[in-house]
Number of protein chains: 2
Amino acid sequence: MTTDAEQLLRGAGLRVTRPRLAVLDAVHAHPHADTESIIGAVRRGLPDVSHQAVYDSLHTLTAAGLVRRIQPSGSVARYESRVDDNHHHVVCRSCGAIADVDCAVGHAPCLTASDDSGFRIDEAEVIYWGLCPACSTAPTPK
Amino acid sequence: MTTDAEQLLRGAGLRVTRPRLAVLDAVHAHPHADTESIIGAVRRGLPDVSHQAVYDSLHTLTAAGLVRRIQPSGSVARYESRVDDNHHHVVCRSCGAIADVDCAVGHAPCLTASDDSGFRIDEAEVIYWGLCPACSTAPTPK
DNA sequence: CGCCGTTTCTTGAACGAGTCAAGAATTGTC
DNA sequence: GACAATTCTTGACTCGTTCAAGAAACGGCG
């Protein structure tokens, strides 16, 4: 496992550091986790990492395209390791649960807007809002 | 104009207050404005409104469906008055500019996920990421 | 194998959008 | 007009995230 992560980092031209390896593992192990959860997961194997190291690592990994950052309205930043496979997310309005959804309309056509206003579009991000199975049957979150 | 806004509020079963009217006007006048801009716009006509009144009004109006809240990753909350017409947004990665885009695939089919994981989906939100015309020709944001 | 320059991490303070809470003012109804 | 309910004002406060300075780790080189 560590070897995997190490190769990913080297492949991206990044230095291999303990915090980065741990962060990469944590994101793989906990898809859609927020930063605080990732800090917790990282510290299980590396008790003394600073929160800042995790923030820095997440930024670096995101910039390198090794993890993806998502942030639905009203939520804190979350991270996942599925990248470059054109999938989207469903978010529960009630409990905030997130699940993956493959692209609705085939391969990657979501990238086509009807009128792009002159923008050079490079990514289409889709978030479906609704209620997860649990909240759907048992309403009234509060 | 005020009459319009007043009818919208009454139609939604909301009390008609000066701050709410001003907020509604401001959102109509400045699509995709963030909260701070809206506060500024509101205070041009109503100098003594508290920021809290604006926050409250925006929440109420959003809950009533009179305005829509959008919040692209890394941005603060923004509001717009186009509701219920199934349009999406393009966001410039460089300068943060936002433009409207009509639904790519016809009427409202974006609401169909390929596999909804058991969620009861009620809305599909699409954000296209790219570079606006200005940033596209003049690169290097920094 | 050990040194060196660069990058990354630690520590701790700071920031800003947004929220909470208590009391005063306003709304709409009787 | 007066009352109950809602909304607004004021001001403190939270929480995720960023900033900044110095210490430590990384990896290329001899």
Side-chain angles (χ1 to χ4, degrees), chain A residues 2-3 5-24 26 32-43 45-64 66-67 69-79 96 142, chain B residues 2 5-24 26-27 32-43 45-64 66-67 69-79 96 142:
Chain A
T2 295
T3 313
E6 190 173 334
Q7 291 191 346
L8 282 172
L9 288 173
R10 292 200 192 283
L14 299 177
R15 287 195 178 183
V16 177
T17 69
R18 293 178 149 285
R20 285 180 183 173
L21 291 171
V23 167
L24 207 41
H32 309 145
D34 58 34
T35 310
E36 198 177 354
S37 305
I38 293 172
I39 293 175
V42 166
R43 286 193 175 147
L46 218 59
D48 292 330
V49 267
S50 61
H51 66 143
Q52 189 64 349
V54 175
Y55 274 99
D56 283 352
S57 299
L58 286 170
H59 284 165
T60 306
L61 296 174
T62 303
L66 297 184
V67 305
R69 173 189 168 123
I70 59 177
Q71 186 177 19
S73 289
S75 167
V76 297
R78 294 165 175 278
Y79 296 87
K142 176 181 174 186
Chain B
T2 297
E6 189 173 334
Q7 291 191 345
L8 282 172
L9 288 173
R10 293 201 192 283
L14 299 177
R15 288 195 177 181
V16 177
T17 69
R18 292 177 150 288
R20 284 179 184 173
L21 291 172
V23 168
L24 208 40
V27 174
H32 310 142
D34 59 33
T35 309
E36 198 177 355
S37 305
I38 293 172
I39 293 176
V42 166
R43 287 192 175 147
L46 218 60
D48 292 330
V49 267
S50 60
H51 66 141
Q52 189 65 325
V54 175
Y55 274 100
D56 283 351
S57 299
L58 286 170
H59 285 165
T60 306
L61 296 174
T62 302
L66 296 183
V67 306
R69 174 190 167 122
I70 59 176
Q71 187 178 18
S73 289
S75 167
V76 297
R78 293 165 177 277
Y79 296 86
K142 175 183 172 185

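To find a chain, count down the sequence lines: A is the first, B the second, and so on, and within it residues start at 1.
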### Message
Between B:Arg78 and A:Leu14, which residue's closest nucleotide on DNA chain C lies nearer the 5′ terminus?
### Response
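Final value for this comparison: A:Leu14.
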### Query
Pick the nucleotide of DNA chain C nearest each of A:Thr17 and B:Gln71; which residue has the one closer to the 5' end?
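Taking each residue's closest nucleotide, the earlier one in sequence belongs to A:Thr17.
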Separation of [N] [atom2] from [X] [atom1] (nearest whole Å):
X       : N      : atom1 : atom2 : answer
A:His59 : D:dG16 : NE2   : P     : 14 Å
A:Arg18 : D:dG27 : CZ    : P     : 12 Å
B:Glu36 : C:dC15 : CD    : P     : 16 Å
B:Arg15 : C:dT27 : CZ    : C1'   : 4 Å
B:Tyr55 : C:dA17 : OH    : P     : 7 Å
A:Leu21 : C:dC9  : CG    : C1'   : 14 Å
A:Ile39 : C:dC9  : CD1   : P     : 13 Å
A:Leu9  : C:dT7  : CG    : C1'   : 14 Å

### Query
Got a second to check how far B:Leu9's CG is from B:Thr17's OG1, nearest 0.5 Å?
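The distance works out to 7.0 Å.
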### Task
Give a yes or no on whether the backbone of B:Ala77 and the side-chain of B:Arg69 come within a donor-acceptor separation of less than 3.5 Å.
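Pair absent, no side-chain N/O of B:Arg69 close to backbone of B:Ala77.
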### Message
Under a 3.5 Å distance rule, please check whether B:Gln71 uses its side chain to pair with a backbone N or O of A:Gly74 as donor and acceptor.
### Response
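Checking the backbone N and O of A:Gly74 against the side chain of B:Gln71, a donor-acceptor pair under 3.5 Å is found.
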For a 4.5 angstrom cut-off between non-hydrogen side-chain atoms, does [X] reach [Y]?
X       : Y       : answer
A:Ser37 : A:Asp34 : yes
A:Leu66 : A:Thr60 : no
A:Val49 : A:Arg43 : yes

Could you go through nucleotides 9-11 of chain D and list every protein N or O atom that sits under 3.5 Å from one of its N or O atoms, giving the distance for each pair?
from, atom 1, to, atom 2, distance (Å)
D:dT9, OP1, B:Asp48, O, 3.3
D:dT9, OP2, B:Ser50, N, 2.9
D:dT9, OP2, B:Ser50, OG, 2.5

### Query
So, does the side chain of A:Arg20 form a donor-acceptor pair with the base of C:dT8 at under 3.5 Å?
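By the distance-only test, no, there is no pair.
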### Message
For a quick test of reading the model, state the closest non-hydrogen atom pair linking B:Ile70 to B:His32 and the distance between them.
### Response
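Closest pair (atom of B:Ile70, atom of B:His32, distance): CD1-CD2, 4.1 Å.
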### Task
Respond yes when some side-chain nitrogen or oxygen of B:Thr60 is under 4.0 Å from OP1 or OP2 of D:dT7, and no when none is.
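Result: no.
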### Query
Just to confirm, is there a sub-4.0 Å distance from OP1 or OP2 of C:dG28 to any side-chain nitrogen or oxygen of B:Arg10?
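Yes, B:Arg10 has a side-chain N/O under 4.0 Å of OP1/OP2 on C:dG28.
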